[in-house]
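Single-structure report; data block below.
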Amino acid sequence: MNRDSTDTAAPSNFIKDIIEEDRKNNKNDGRVATRFPPEPNGYLHIGHAKSICLNFGIASEYQGTCNLRFDDTNPTTEEVKYVESIKSDIRWLGFDWGDRLYYASDYFEKLYQYAVQLIKDGKAYVCSLSEDEIKDYRGDYYKKARESPYCSRPVDESLELLERMRAGEFEEGAHVLRAKIDINSPNMNMRDPIIYRIRKERHHRTGDKWCIYPMYDFAHCLSDSLEGITHSICTLEFEDHRPLYDWFLDELAVDCHPQQIEFARLNLSYTVMSKRKLLELVEQRHVSGWDDPRMPTVSGLRRRGYTPESIRNFCERIGVAKADSMVDVALLEYCLREDLNERAPRVMGVLRPLRVVIDNLPEGQVEEFDAPYHPTDPSFGSRKVPFSRVLYIEREDFREDPPGKWFRLAPGREVRLRYACIIKCVDVVKDEKTEEVVELHCTWDPESRGGNPPDGRKIKGTLHWVSADHSLEAEVRLYDRLFTKANPLEEKNGSDFTAQINPESLEILKSCRVEPSLAGAKPESKYQFERLGYFCVDPVDSTGERLVFNRTVPLRDTWAKIEKAQLEADRRK
RNA sequence: UGGGGAGUGGGCUAACGGCAAGCCACCUGACUCUGGAUCAGGCGAUUGUAGGUUCGAAUCCUACCUCCCCAGCCA
């Protein structure tokens, strides 16, 4: 393969640079092994997707492996349901861990033995201080620490106590196992960190077998080592933990000492990413659940209609670096449209129907027009769309008093109905009281069958439409950004981030009309409603009787920009 | 106050002492039976600041400024 000429090669980044350097030096015999280590205590979001793409992507790029390992060392918060949802989300994203599914809990016995070894080597001790005392003894950024009175507890005594901790002889909090490192280290993580605590709690995999559980810092590095990981990629906040990661592996003299590398986690504009805040949105009912289409969770994006390809592509484009940053959600939407443009069949649906009567088409007469499902890819095929006396067009496609550059319908004006024919507006029927336009009368030009007038006159505007009698009713949910501020956390005078929630992030339209070919559309199937945007069949609420579509993302709307500019210009006058 | 990191057009990322590049956003124009897509072009960076080394600095050195992370028996 000619690497210089490939235009599809994933861009490089500082992590790949490190790996390439390692391979050049034949470190790890040139082997590359990564892992994705979620804690099963919540749902995956697009920030995790970045990490997944990175870890699995690097593995495949260097003919290496990427393990899926659940970091399940805290039974208090972890559950099987999360394990299942995480697995399904990763699979949906398009990654495969083969037979390399692991759990930190698989290593509990080995980890225990490592802990015993640390005690024997005089590098760990059982501390019997209370939680508050430990905190107090540990000091803070400016206050010196004091050594635990138990730090020189005899090895035998610690050994015996740890055994009895394991046997369940003590209550939670009575003792902990601590590494003996440096109680006055400027790095708080090194001030004799706790490595085992008593938790009399049932673990989702090991049941009641254990009542002591290892802490992250102890379990993670050793799990990596046991799995032969070469590059342990994590986020920036673990940078301070790296000396500890290395300390355990050095002191225990393990064969495999992976290199921890930290990168900046993903922040996306107009949303929040922390588990805590997402949970808050769910619990306070600001959204319908973890899979609400406005959520940045993988399940939310999926329900919204995002494709795995678009997410993977996005993750590739944003790059990987160490600087805190916030990516514009417009890039995500761009990646989505790019993908959907190629794969979504085109159909017609009218969101806010306006009745149009074709005066010169007799009642009962039905014309049929052939409409391709895709403008450039003939393999999508085509369908027939019925055209009859009463139609619906989009309410916003008609203006009684049109502004400049308007080339949609208006009194006396001609417009093309997509795939069908040219119509001319001859009359406007209004509600006597409200002045609201309730119906349009038009004539069609039978000579323009197929869409083009035989005399060659130019018709600028093309509208989407449906035949009233043939169309199907559908509910359409218009989703928009969840927050009105690019960074909802940038709260002014301590106001809560939920105060920035966009009150218009969801608009439900119940009386939309869609073309008949959509009957029986499958859950999660994606369509472009011409001129409107991409929509997908809601997998939860859509049924055979009642179609429900989610708007995934609108089409780029140049007209909206023009109109906005015009309005602003008028306002300045 | 201690420790660990990071600062490159509006956003994200590149450059590895030698012409600051790409993508998104934004703006033109062409084309078009989607005001979509596509195509062509454009705007926009004294690389956080101030010094220094060098023929030459985003890159090396010094000082400073700003932002982020750390005081869980969470991960």
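Protein chains get the first letters and strands the later ones, always in sequence-line order, with residue 1 at the start of each.
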Taking only N/O atoms, report every protein-nucleotides 14-18 of chain B pair under 3.5 Å with atom names and distance.
{"from": "B:rC16", "atom 1": "N4", "to": "A:Asp17", "atom 2": "OD2", "distance (Å)": "3.1"}

* Structure fact -> Quick note, ring pair (Phe, Tyr, Trp, His ring centres under 6.0 Å) partners involving residues 174-198 of chain A, not counting sequence neighbours, are A:Phe170-A:His175, A:Tyr196-A:Phe218
* To do: Using whole Å, report how far CD of A:Glu333 lies from P of B:rC12.
  => 17 Å
* Asked: Does a donor on one side chain and an acceptor on the other come within less than 3.5 Å for A:Tyr125 and A:Asp192?
  -> yes
* **A:Asp557 and A:Lys561 ion-paired at < 4.0 Å** => no
* To do: Fit a plane to each ring of A:His241 and A:Phe238, take the angle between them on a 0 to 90° scale, and name the class: parallel (under 30°), tilted (30 to 60°) or perpendicular (over 60°).
  => perpendicular
* Asked: Looking at residues at least two apart in the chain, or sitting in another chain, which of them share a salt bridge (charged side-chain N to carboxylate O under 4.0 Å, His left out) with A:Asp224?
  -> A:Arg35, A:Arg69
Dump every N/O contact between nucleotides 28-31 of chain B and the protein below 3.5 Å, one line per pair.
none

* With rounding to whole Å, what would you report as the distance between B:rA37 and B:rU28 at their P atoms? -> 15 Å
* When every nucleotide of nucleotides 67-75 of chain B is labelled 5' to 3' by its protein contacts under 4.0 Å (heavy atoms), B for base, S for sugar-phosphate only, - for none, what sequence of letters results? -> -SBBBSBSB
* A:Arg166 NZ/CZ over A:Tyr112 ring centroid, <6.0 Å and within 45° of normal -> yes
* Using 4.0 Å as the upper bound for N to carboxylate O, is an ion pair formed by A:Glu490 and A:Lys485? -> no
* Salt bridge A:Lys405-A:Glu563, side-chain N to carboxylate O under 4.0 Å -> no
* To do: Let me know, please, whether A:Met326 or A:Ser448 comes out on the 5' side of the other along RNA chain B by nearest nucleotide.
  => A:Met326
Contacts table for residues 451-463 of chain A: side-chain donor-acceptor under 3.5 angstrom, sequence neighbours left out:
{"from": "A:Asp455", "atom 1": "OD1", "to": "A:Arg457", "atom 2": "N", "distance (Å)": "3.0"}
{"from": "A:Asp455", "atom 1": "OD1", "to": "A:Arg457", "atom 2": "NH1", "distance (Å)": "3.2"}
{"from": "A:Asp455", "atom 1": "OD2", "to": "A:Arg457", "atom 2": "NH1", "distance (Å)": "3.0"}
{"from": "A:Arg457", "atom 1": "NE", "to": "A:Glu414", "atom 2": "OE1", "distance (Å)": "2.8"}
{"from": "A:Arg457", "atom 1": "NE", "to": "A:Glu414", "atom 2": "OE2", "distance (Å)": "3.4"}
{"from": "A:Arg457", "atom 1": "NH2", "to": "A:Glu414", "atom 2": "OE2", "distance (Å)": "2.6"}
{"from": "A:Arg457", "atom 1": "NH2", "to": "A:Asp445", "atom 2": "OD2", "distance (Å)": "3.1"}
{"from": "A:Thr462", "atom 1": "OG1", "to": "A:Arg416", "atom 2": "NE", "distance (Å)": "3.2"}

* Would you say a side-chain N or O of A:Ser325 is under 4.0 Å from OP1 or OP2 of B:rU13? -> yes
* Residues in side-chain hydrogen bond (donor to acceptor under 3.5 Å, both in side chains) with A:Arg551, at least two apart? -> none
* Asked: What residues form a salt bridge (charged side-chain N to carboxylate O under 4.0 Å, His left out) with A:Arg317, not counting sequence neighbours?
  -> A:Glu338
* Structure fact -> Intra- and inter-strand pairing of RNA chain B, written as dot-bracket with Watson-Crick and G-U pairs under 3.5 Å and | for the latter, reads .((((((..((((....[..)))).(((((.......))))).....(((((..]....))))))))))).....
* Asked: Looking only at side-chain N and O atoms, does A:Lys322 come under 4.0 Å of OP1 or OP2 in B:rG7?
  -> no
* Heavy-atom pair with the smallest gap, counting every atom of A:Tyr213 and A:Thr73 -> CB-O, 3.5 Å
* Asked: More than 12 non-hydrogen atoms from neighbouring residues, nucleotides or ligands closer than 6.0 Å to CD on A:Glu237, yes or no?
  -> yes
* What pairs of residues pass the salt bridge (Lys or Arg N to Asp or Glu O under 4.0 Å) test when at least one of them lies in residues 130-139 of chain A, not counting sequence neighbours? -> A:Asp136-A:Arg146
* Going 5' to 3' along nucleotides 34-46 of chain B, which nucleotides have protein heavy atoms under 4.0 Å from the base (write B), which only from the sugar-phosphate (write S), and which from neither (write -)? -> BBBS---------
* To do: Name all pairs fulfilling the salt bridge (Lys or Arg N to Asp or Glu O under 4.0 Å) condition that reach into residues 526-536 of chain A, sequence neighbours left out, sorted by first residue then second.
  => A:Asp397-A:Arg531, A:Arg418-A:Glu530
